[in-house]
Protein chains: 2
Amino acid sequence: MSLSDFQWASRVADIAPFHVMALLGRARELQAEGRDIIHMEIGEPDFSSPPQVIEAGRQALADGHTGYTPAMGIPELREAIAGHYQKAYGVKVDPARILVTPGASGALLLLAALLVNPGDQVMMADPTYPCNRNFMRLFEGQSQLVPVGADSHFQLNADHIEQHWNAKTRAAMLATPSNPTGTLVSLDQLTEISQAVNAKKGALICDEIYQGLTYGVEAQTALAVNDDAFVINSFSKYFGMTGWRLGWLVAPECAMPELEKLAQNVFLSATTPSQYAALAAFQPDTIALLEERRAEFARRRDYLLPALRELGMSIPVTPEGAFYIYAGIDHLTDDSFGWCQDLLEEEGVATTPGLDFGIAGARTTVRFAYAASIDKLEEAVERIGRFIQKRA
Amino acid sequence: MSLSDFQWASRVADIAPFHVMALLGRARELQAEGRDIIHMEIGEPDFSSPPQVIEAGRQALADGHTGYTPAMGIPELREAIAGHYQKAYGVKVDPARILVTPGASGALLLLAALLVNPGDQVMMADPTYPCNRNFMRLFEGQSQLVPVGADSHFQLNADHIEQHWNAKTRAAMLATPSNPTGTLVSLDQLTEISQAVNAKKGALICDEIYQGLTYGVEAQTALAVNDDAFVINSFSKYFGMTGWRLGWLVAPECAMPELEKLAQNVFLSATTPSQYAALAAFQPDTIALLEERRAEFARRRDYLLPALRELGMSIPVTPEGAFYIYAGIDHLTDDSFGWCQDLLEEEGVATTPGLDFGIAGARTTVRFAYAASIDKLEEAVERIGRFIQKRA
Ligand SMILES: Cc1ncc(COP(=O)(O)O)c(C=O)c1O
Ligand SMILES: Cc1ncc(COP(=O)(O)O)c(C=O)c1O
């Protein structure tokens, strides 16, 4: 038997592998050889899941919660998420509008399937989280990348929507806090953007997966100003639960039957023990722990930001959320992927090249994740400084 | 804000909700009212996950296995799956060709994305697992339903492939044991089918999610005769792990980089504690327990099959796998959905109407799942007999 003459579907060639994966693979090789590698490439908190969540997961297993759940998620969790919006943000969300998904990834998939016909466009900032573009391509849609800069805090704004919306644009997509830039969209801006999208009769997707990870600013939700936004969230980042593969989607009521139908086909349901474990994520003692972790992330940001600026990197807008700093290094290179590779080989610091996030700044930017202890970050800064010196 | 003028993507209207969901919802309502309901509609083993697996899951959590894993799955599990093919089927599979997925559902999604361009067709038996058709539609492909009957054991065969293959056909899809019919494809047939698909330069997808659940026949794998088949499997059914959301895909080597890229975007990775727990699924003592359960399923089939035949239902081919009996009731009704609804209301027996599985037998067939104890099945048969009597 042979598949040698078989051509994969065209979408496959259009989806680029992440450059960071090559770096991650190489970093692991070097580590296996005994090299000391500092990981600033990974989009994952370095904290384990909260012990309360782990214990709840163990209990769920002991209690035999191992069967399929309803496609929308267990009712208790949908209610707990609604309770969290009420308590943390003072926003009332009907649990019937909450769909529990396998990670925010699952929510992104459902939204692309729901909103995008072949040829339809979805507007998003360049730079953006790389999977966003690929989800649109998967469903034969197109991502409409709008280059954004310091003037709009590396975010889309209402002017962008008005200027770039065309006959094929169906939706605009925001992420606040943003991956890779760590910048936020304020509620005032969100209101303006919502109005602009609404005037175009489009849909607004708001990725709030880094919600709760803000420094010096209170966390917010688009739901406070726009009840018709599609809001994506996750237990991965603030709640430290990446491997549990659990997220959620809040959608307008009219979309729920359609989303349920899609979820029934695509996932059947999200992982059951994860859903029960996540009930413990909203307990006051868990939140207290997560707030300590947030303070630690803030200290790291407060250390790393001026340190990178002192190395001459261009970080014109102070990142106030997530755990990323997106730095311009055009004074150092016009091949940031090569720069990242050399930095890894020579100094053992792993980072993510701009190439993964878009087109405009692809070759002159690097993303630094501060999901590592301050000790490690200090060591990294020293190594990066030496690396830059050597090449000067 | 308002989404009132927004039209969902066209695919959404083409994906029908499962009729069984309406029945399941009603069954739960009746149960909440205190009615005694016998569930023969659900495609889920009534056994909990094996205690060894539950304990391994609890241990994985205690050990802090809560982060993202590689998109392909943890190496230990890929090796354990390869070991299982060797031990249970005498087939050598390189772990590099095994991709761990969020359920077989995840594998089906990846394959649709990999193989299907807009307008491409994938041939499959009518009746078939309902999500199959919808996965193709999701990615703008079409399912080419070939009505099958008793003469081909309710399965596609090489003749079907030759007769129905057209310029747009890209792949053929089998399921053995099949949902809804419980029938198998023999290795001889698989060889013939593989040759026919190969002659057309197409791809062969083989869904082996009910592998291991065979009665009076040894379980087999398509990999024994076709190394280039895309083989889907799952921990859901034989291993009793539905809620863990874990499955796998074996694919030709040349497809692995493409599949990895797709998995990185679509899932990031499968649930981590589930992956570690699944390592315990292949232990000899776990397998011994699962074989006892298999024997119990066999006893149920041996009870239910003649009982339904005695009620006059048409079951021309003995189902030898899964936990389903697909019965013709054209002598009773030409509206099997209505019949199932009445059976539920009047006698409290929940079943799945043929409508969910295809077109040809949609209105004259019913699927009975025997994922319930023999006591319950006996009670169900009595009730169904009474129901038929009343309407005669
Ligand atoms: C902006 C953004 N959205 C979505 C995701 C998906 O995360 P998950 O599926 O773990 O919730 C990520 C993960 O890094 C992300 O950075
Ligand atoms: C034939 C078939 N394939 C695939 C699946 C998907 O199962 P899972 O995603 O739980 O592995 C099912 C579930 O019922 C099925 O019957």
Side-chain angles (χ1 to χ4, degrees), chain A residues 1-3 5-6 8-12 15 17-18 21 44 48-49 54 57-58 61-62 64-69 102-103 105 109 113-118 131 134-135 138 140 194 198 201 203 226-228 241-245 252 254 258 261-262 264-268 270-274, chain B residues 1-3 5-6 8-12 15 17-18 21 44 48-49 54 57-58 61-62 64-69 102-103 105 109 113-118 131 134-135 138 140 194 198 201 203 226-228 241-245 252 254 258 261-262 264-268 270-274:
Chain A
M1 308 295 157
S2 150
L3 260 181
D5 292 315
F6 199 91
W8 312 128
S10 316
R11 66 176 69 81
V12 179
I15 295 177
F18 305 138
M21 288 299 166
E44 181 167 27
S48 69
S49 299
I54 290 186
R58 286 171 51 85
L61 289 175
H65 291 302
T66 60
Y68 290 128
T69 74
S105 303
L109 177 79
L114 178 72
L115 301 175
V116 175
N117 269 317
C131 298
N134 293 335
F135 274 115
L138 261 183
E140 304 298 327
S194 298
N198 207 39
K201 302 193 188 303
N226 184 347
D227 234 23
D228 266 339
M241 292 177 64
T242 49
W244 302 75
R245 309 312 299 123
C254 60
E258 312 298 342
K261 211 170 59 173
L262 291 170
Q264 278 171 0
N265 277 283
V266 173
F267 312 130
L268 305 189
T271 304
T272 306
S274 302
Chain B
M1 308 294 159
S2 149
L3 261 181
D5 293 313
F6 198 91
W8 311 128
S10 318
R11 66 176 68 82
V12 179
I15 295 177
F18 305 138
M21 289 298 167
E44 181 168 26
S48 68
S49 299
I54 289 186
R58 287 171 51 86
L61 289 175
H65 290 303
T66 60
Y68 291 127
T69 74
S105 302
L109 178 79
L114 178 72
L115 301 176
V116 175
N117 270 318
C131 297
N134 294 335
F135 274 116
L138 261 182
E140 303 298 326
S194 299
N198 207 39
K201 302 193 187 301
N226 184 347
D227 233 24
D228 267 340
M241 293 177 63
T242 49
W244 303 75
R245 310 310 302 122
C254 59
E258 311 299 342
K261 212 171 60 174
L262 289 170
Q264 279 171 1
N265 277 283
V266 172
F267 311 130
L268 305 188
T271 304
T272 306
S274 301

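All chains are named by letter (A, B, ...) in the order of the sequence lines, taking the proteins before the strands, and each is independently numbered beginning at 1.
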Problem set entry | Residue pair B:Ile54 / A:Ala62: nearest heavy atoms and the distance that separates them | CG2-N, 4.5 Å
For this session: Give the minimum heavy-atom separation between B:Gly243 and A:Pro273, together with the two atoms involved.
Result: O-CD, 3.7 Å
Exercise. Quick check: does any side chain N or O of B:Arg11 sit under 3.5 Å from a backbone N or O of A:Ala113, one acting as donor and the other as acceptor?
Worked result: yes
For this session: Go through the atoms of A:Leu61 and report whether side chain, backbone, both or neither lie under 4.5 Å from a heavy atom of chain B.
Result: both
Problem set entry | B:Pro252 versus chain A, the contacting section by heavy-atom distance below 4.5 Å | side chain
Problem set entry | B:Pro118 versus A:Glu140, closest heavy-atom pair with distance | CG-CD, 3.5 Å
Exercise. Could you go step by step and tell me if B:Leu138 and A:Asn265 meet the side chain to side chain contact (heavy atoms under 4.5 Å, CB included) rule?
Worked result: CA-CA 10 Å; B:Leu138 261 182; A:Asn265 277 283; 5.6 Å; no
Problem set entry | Residue part contacting chain A, namely of B:Leu114, when any heavy atom lies under 4.5 Å | both
Exercise. With respect to chain A, which residue among B:His65, B:Met21, B:Met241 yields the maximal number of heavy-atom pairs within a distance under 4.5 Å?
Worked result: B:Met21
Exercise. Non-hydrogen atoms of chain B under 4.5 Å away: do they reach the side chain of A:Ser274, the backbone, both or neither?
Worked result: side chain
Problem set entry | Under 3.5 Å: donor-acceptor pair, side chain of A:Arg245, backbone of B:Ala270 | no
Exercise. How close do A:Gly67 and B:Thr242 get, heavy atom to heavy atom, and via which atoms?
Worked result: CA-OG1, 3.4 Å
Problem set entry | Contacting moiety of B:Gln264, where chain A heavy atoms sit under 4.5 Å | both
Exercise. Do B:Glu44 side-chain atoms and A:Tyr68 backbone N/O form a donor-acceptor pair below 3.5 Å?
Worked result: yes
Exercise. Does the side chain of A:Trp8 reach to within under 4.5 Å of the side chain of B:Leu115, using non-hydrogen atoms?
Worked result: yes
